[in-house]
Each structure stands twice: as structure tokens, then as C-alpha cells.
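Here the structure is laid out as C-alpha cells; the discussion comes afterwards.
Side chains are part of it too, since the values below use all heavy atoms of this structure and drop only hydrogens, waters and symmetry mates. Naming convention: chains lettered A, B, ... in sequence-line order (proteins, then strands); numbering from 1 in each chain. Values in this document were obtained by computation on a predicted structure and should not be read as measured data.
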There are 2 protein chains.
Amino acid sequence: MSLKYGLLGLLNYGKITGYELDKAFKDSLCFFWQAQTSQIYRELNGMENLGWLTSEIVFQTEKPNRKLYSITDSGRQELQAWLAQSSLDNEFQIRSVFLMKLFFSGGKSVQENISMLKDYKARCMDELADLQKTDNIIENYSQKTGKKQDAVYWGITARFGELHIQMCLDFAEEAIKKLEGLQ
Amino acid sequence: MSLKYGLLGLLNYGKITGYELDKAFKDSLCFFWQAQTSQIYRELNGMENLGWLTSEIVFQTEKPNRKLYSITDSGRQELQAWLAQSSLDNEFQIRSVFLMKLFFSGGKSVQENISMLKDYKARCMDELADLQKTDNIIENYSQKTGKKQDAVYWGITARFGELHIQMCLDFAEEAIKKLEGLQ
DNA sequence: TGGGTCATGTAACCTGTTACATGATTAG
DNA sequence: CTAATCATGTAACAGGTTACATGACCCA
């Protein structure tokens with residue numbers, strides 16, 4: 001259900017094609033939602049059937065035609081209704097394959113598990129380094145669209161991603177220490 | 001795919017019915033994975049077809065019969081193979097409906113958004129309070145099964161849940177301050 | 001008399017993932 | 001010459017959610 005609203009939110013900034021939406025989605029909403037290209041096209045179809053969107057085809061001679069989507073009044077209403085209702089259920093649920101493995105790793109040697117955690121920690125540091133780039137992306141969007149207000153909220157959500165990875169890193173260090181204490 | 005291994009891991013401790021598995025899953029793996037009862041029964045069926053499990057029916061006169069599942073050698077091999085391979089891809093992806101709403105809340109008043117974040121913060125504190133109970137659950141399991149080694153890793157994964165919620169709380173406070181600075 | 005526990009699931013639906021298909025243009 | 005970009009998707013499958021069904025027992 002949330003994917004629809006993520007797309008609606010982006011469509012609310014203006015007319016856009018599926019292809020561009022896909023890129024915008026992956027640049028901006030990626031901190032808190034992920035979607036495959038095929039899923040985006042499917043949702044666009046679905047929302048057009050619901051009457052939340054309309055589309056027009058822009059003919060191009062040299063390149064493939066573009067299918068430009070616009071949000072309708074009904075779509076805008078849906079978006080506003082969704083924004084207005086709070087939804088904190090399931091907000092704090094985690095899904096982590098790594099933690100599941102750790103959970104069942106009592107049979108492995110402590111050494112093995114420490115090295116598993118060190119790999120995890122190294123990955124955290126890689127991710128943190130990648131995040132340095134995102135500030136630039138936000139700055140770009142902010143200047144392109146001229147919406148300073150939105151940039152504030154984008155920055156806040158990006159900050160969550162940063163805190164999250166920092167927390168994962170802290171967790172790894174703490175767990176390594178705990179396991180080292182067992183030896 | 002991960003749900004299968006979570007169930008396999010629990011089945012590796014000993015024979016168990018779907019009903020009991022469902023409860024054990026919700027007590028122990030809930031920090032990093034969630035599953036509906038119907039999904040658990042479906043996976044058990046699937047793994048029996050794959051030859052990872054066998055089942056025997058225990059007849060009861062007063063109560064419904066029990067279907068006891070046991071892990072097979074093939075299932076144990078699958079579990080070990082899964083435990084051995086590292087899988088950190090997608091590990092740091094977040095899905096948060098709350099953050100998505102915040103992202104699109106530039107049109108709302110700063111006051112409204114502050115109050116939204118305060119609700120979120122209050123929920124974090126509720127969750128933190130609930131976590132106090134989990135230490136007891138782990139202690140229970142540890143004494144029932146007598147597996148001290150496992151209890152260490154269970155504790156580590158539970159700690160992740162704690163750090164995660166604490167991080168969400170810190171995030172909320174920081175974001176509230178940032179928005180208050182805008183007024 | 002109503003709700004909880006024990007114990008099994010099925011059916012339908014929605015969401016997410018992976019792989020495939022087309023075909024032209026442009027940059028290295 | 002090869003890979004990337006522009007631009008559209010479809011098909012099949014896997015995984016997750018919601019609702020429903022059965023039936024007895026026990027506790028307040």
C-alpha cells in the first residue's frame with residue numbers, strides 16, 4: 001500500500017514519466033522504501049485504473065514515446081488523506097537476515113562469529129562513507145525544484161539513515177567486545 | 001527465503017508442532033523477523049515437500065491430533081549451508097511508512113509535524129518499556145533448554161532491538177529540535 | 001454465556017523479486 | 001565494438017497479509 005503513496009507524493013510535484021519516477025524514487029525515497037522498476041510500472045497502471053492518475057502520450061521521433069502521468073484531484077485527495085492519518089503500527093519491526101544467522105550461530109566457534117561481526121562492521125563503514133554523497137543529491141533537488149521547505153524534510157529522513165547505520169556499527173562493536181569477553 | 005531458515009533453525013532444537021513453532025517464533029525471532037501463522041503452516045508444507053522435514057501424527061483423544069515435525073539430514077545440511085554463507089546485501093535497507101509521510105510533509109505546518117514527531121517519540125518510549133520483558137523470556141528459554149551458548153546470541157540480537165528503538169527516539173528528539181528552530 | 005487456549009489449516013489477495021523483451025542512440 | 005542511456009513494459013514466481021473455518025475444553 002505504501003508504494004502507491006510514495007509514487008503519488010512524487011507525482012504531486014508535477015507530471016512525470018514512469019522512467020523518470022523510477023529514477024527519482026531511487027534517488028530520494030531509497031532511505032526508507034525500495035521498489036523494482038517493474039513494480040513501479042504495475043502500480044502506475046493500477047492507480048490509473050483507480051482514477052488517481054491520468055496519462056498522455058508524448059510522441060517523439062528519435063526516441064521512444066514518453067507516457068506522461070499526472071495526478072488527478074482524486075489522487076491528490078487520497079494522498080492528503082494518507083498524510084493526515086498516523087500509522088505507527090509495525091513501524092519498529094526489523095527484518096534482518098544477518099541477525100537471524102547470528103541468532104542460530106551458537107554452534108559455531110566464538111572466533112567465527114567475531115569474524116562475521118567484523119565483516120558486518122566493515123560493511124557499516126562502507127555504507128556510512130556512501131552516505132556522504134546523499135547531501136549533494138538533496139542539495140541538487142532543492143535547487144532544481146526550488147522547494148526549500150521540502151529539502152528540510154528530505155534532510156531529516158536522510159539523517160535517519162545515517163543514525164541507523166551508525167547504530168548498526170555501534171551494535172557490532174559492542175557485540176564483538178561481548179564475544180571477546182567469552183574467550 | 002529467510003523464513004524457511006528461521007523455522008529450520010528452531011526445528012533443529014528438536015521435534016515441534018506448527019502451533020508451537022508459531023509461538024516460539026513469535027517469542028524469539030520477533031526482533032528481526034515476523035511471520036503470520038498461515039505463512040508458517042505453508043512453509044512447513046513446502047519444506048516437507050523439499051524433504052527438509054518429516055512429520056508424524058500424534059493421536060490425542062481429548063484434543064486435536066498434533067502433527068510433529070522433525071528436521072531431516074537434508075534439512076540440517078541446508079541450514080548449515082545457509083549459516084555458512086554471508087549475506088549482507090540489502091541488510092541496511094529500511095522500510096518506514098512514518099519516514100515516507102515525513103518526507104512528503106513539507107506542505108503541512110511545522111507545528112503539525114512537530115506533533116507528529118512527538119507521537120512517534122511517545123511510541124518509542126512505549127516500545128522501550130516493553131523490551132524490559134524480553135530479558136525474562138530469554139532467561140526462561142535458556143533454563144528450559146539448558147543451552148547457555150545460544151542464550152548469549154539471543155541476548156545479542158535482542159540488544160539490537162533495544163539499540164534500534166533508542167536510536168529512533170534520539171532521531172525524534174533531534175528532528176523536533178530542528179523543526180523548533182524553524183519557527 | 002462469552003472469551004481464551006489448543007490445534008489444524010485453506011483461499012484469496014496483495015506486494016515484491018527476477019528474468020526477459022525491444023530497439024535506437026550516444027559516449028568511451 | 002561495447003556498454004550505458006532512453007523508454008516502454010510483461011510473465012512467472014515467491015513471500016506476506018487478511019479473513020475465514022472447525023470444534024472441544026476450560027475459566028470467570
Side-chain angles (χ1 to χ4, degrees), chain A residues 1-8 15-27 29-30 32-50 52-53 55-69 82 87 89-91 93-97 100, chain B residues 1-8 15-27 29-30 32-50 52-53 55-69 82 87 89-91 93-97 100:
Chain A
M1 203 72 289
S2 302
L3 176 55
K4 277 193 178 55
Y5 296 101
L7 295 171
L8 264 191
K15 294 182 179 188
I16 191 170
T17 67
Y19 186 76
E20 288 163 340
L21 247 184
D22 184 48
K23 282 190 299 176
F25 196 98
K26 279 160 184 157
D27 275 351
L29 310 198
C30 63
F32 47 77
W33 211 265
Q34 301 80 42
Q36 247 51 49
T37 308
S38 60
Q39 213 183 337
I40 289 175
Y41 282 112
R42 184 168 55 184
E43 291 298 337
L44 286 172
N45 252 324
M47 288 193 288
E48 198 172 5
N49 286 335
L50 287 170
W52 298 4
L53 305 179
S55 67
E56 51 188 307
I57 293 184
V58 180
F59 294 95
Q60 297 190 128
T61 47
E62 300 289 296
K63 293 175 180 179
N65 296 334
R66 310 172 77 226
K67 197 173 176 186
L68 253 189
Y69 287 94
W82 176 77
S87 53
D89 294 333
N90 314 329
E91 181 64 32
Q93 290 182 355
I94 294 160
R95 284 187 189 231
S96 164
V97 180
M100 193 185 274
Chain B
M1 200 73 291
S2 302
L3 176 56
K4 277 194 178 52
Y5 297 103
L7 296 171
L8 264 190
K15 294 181 179 186
I16 190 169
T17 66
Y19 185 76
E20 290 163 340
L21 247 184
D22 184 47
K23 281 190 299 176
F25 196 98
K26 279 161 185 159
D27 275 351
L29 310 198
C30 62
F32 46 76
W33 212 265
Q34 301 80 41
Q36 247 53 49
T37 308
S38 61
Q39 214 184 338
I40 289 176
Y41 282 113
R42 183 168 59 185
E43 290 299 336
L44 285 172
N45 251 324
M47 288 195 286
E48 199 173 4
N49 287 335
L50 287 171
W52 298 3
L53 305 179
S55 66
E56 50 187 308
I57 293 184
V58 180
F59 293 95
Q60 298 191 128
T61 47
E62 300 291 295
K63 292 174 183 178
N65 296 332
R66 309 172 78 225
K67 196 171 176 187
L68 253 188
Y69 286 94
W82 176 77
S87 53
D89 293 334
N90 313 330
E91 181 63 32
Q93 288 182 354
I94 294 161
R95 283 188 189 233
S96 164
V97 180
M100 194 186 273

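- Taking atom NZ of residue B:K26 and atom C1' of nucleotide C:dT5, one finds them 14 Å apart after rounding to whole Å.
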Please tabulate, one pair per line, each protein N/O and nucleotide N/O from nucleotides 13-20 of chain D that are separated by under 3.5 Å, including the distance.
residue: D:dG15; atom: OP1; partner: B:M1; partner atom: N; Å: 2.5
residue: D:dG16; atom: OP1; partner: A:R95; partner atom: NH1; Å: 2.9
residue: D:dG16; atom: OP2; partner: B:Q39; partner atom: NE2; Å: 2.6
residue: D:dG16; atom: O5'; partner: B:Q39; partner atom: NE2; Å: 3.2
residue: D:dG16; atom: N7; partner: B:R42; partner atom: NH2; Å: 2.3
residue: D:dG16; atom: O6; partner: B:R42; partner atom: NH1; Å: 3.0
residue: D:dT17; atom: OP2; partner: B:Q36; partner atom: OE1; Å: 3.1
residue: D:dT18; atom: O4; partner: B:S38; partner atom: OG; Å: 2.7

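- Applying the side-chain contact (heavy atoms from CB on, under 4.5 Å) test to B:Y41 and every residue at least two apart in sequence or in another chain returns B:Y19, B:T37.
- For B:Q34 (side chain) and A:I94 (main-chain N/O), a donor-acceptor pair under 3.5 Å exists by modelled atom type.
- A:L29 places its CG atom 13 Å from the P atom of C:dG16, with the value rounded to the nearest Å.
- Regarding contacts with the backbone of C:dT8, a side-chain N or O of B:Y41 is found under 4.0 angstrom from either OP1 or OP2.
- The residues B:K23 and B:D27 are annotated as not salt-bridged, no charged nitrogen and carboxylate oxygen being separated by less than 4.0 angstrom.
- B:E20 has its CD atom 10 Å from the C1' atom of C:dA7, to the nearest Å.
- Protein atom CZ of B:R66 is 12 Å distant from nucleotide atom P of C:dG9, rounded to whole Å.
- Rounded to an integer number of Å, the gap from B:I40 CD1 to C:dT10 C1' is 16 Å.
- Note on A:E56 versus A:K67: no salt bridge recorded, every NZ/NE/NH1/NH2 to OD/OE distance being 4.0 Å or above.
- With sequence neighbours left out, the side-chain hydrogen bond (donor to acceptor under 3.5 Å, both in side chains) criterion links A:Q36 to no other residue.
- Contact between the side-chain N/O atoms of B:K23 and the OP1/OP2 oxygens of C:dC6 is found at a separation under 4.0 Å.
- The distance between atom OH of B:Y19 and atom P of C:dG9, rounded to the nearest whole Å, is 14 Å.
- Whole-Å rounding puts the B:E48 CD to C:dG9 C1' distance at 14 Å.
- Computed from coordinates, the A:L21 CG to D:dC6 P distance equals 15 Å when rounded to whole Å.
- Other residues, nucleotides and ligands contribute only 12 or fewer heavy atoms inside 6.0 Å of the NZ atom of A:K15.
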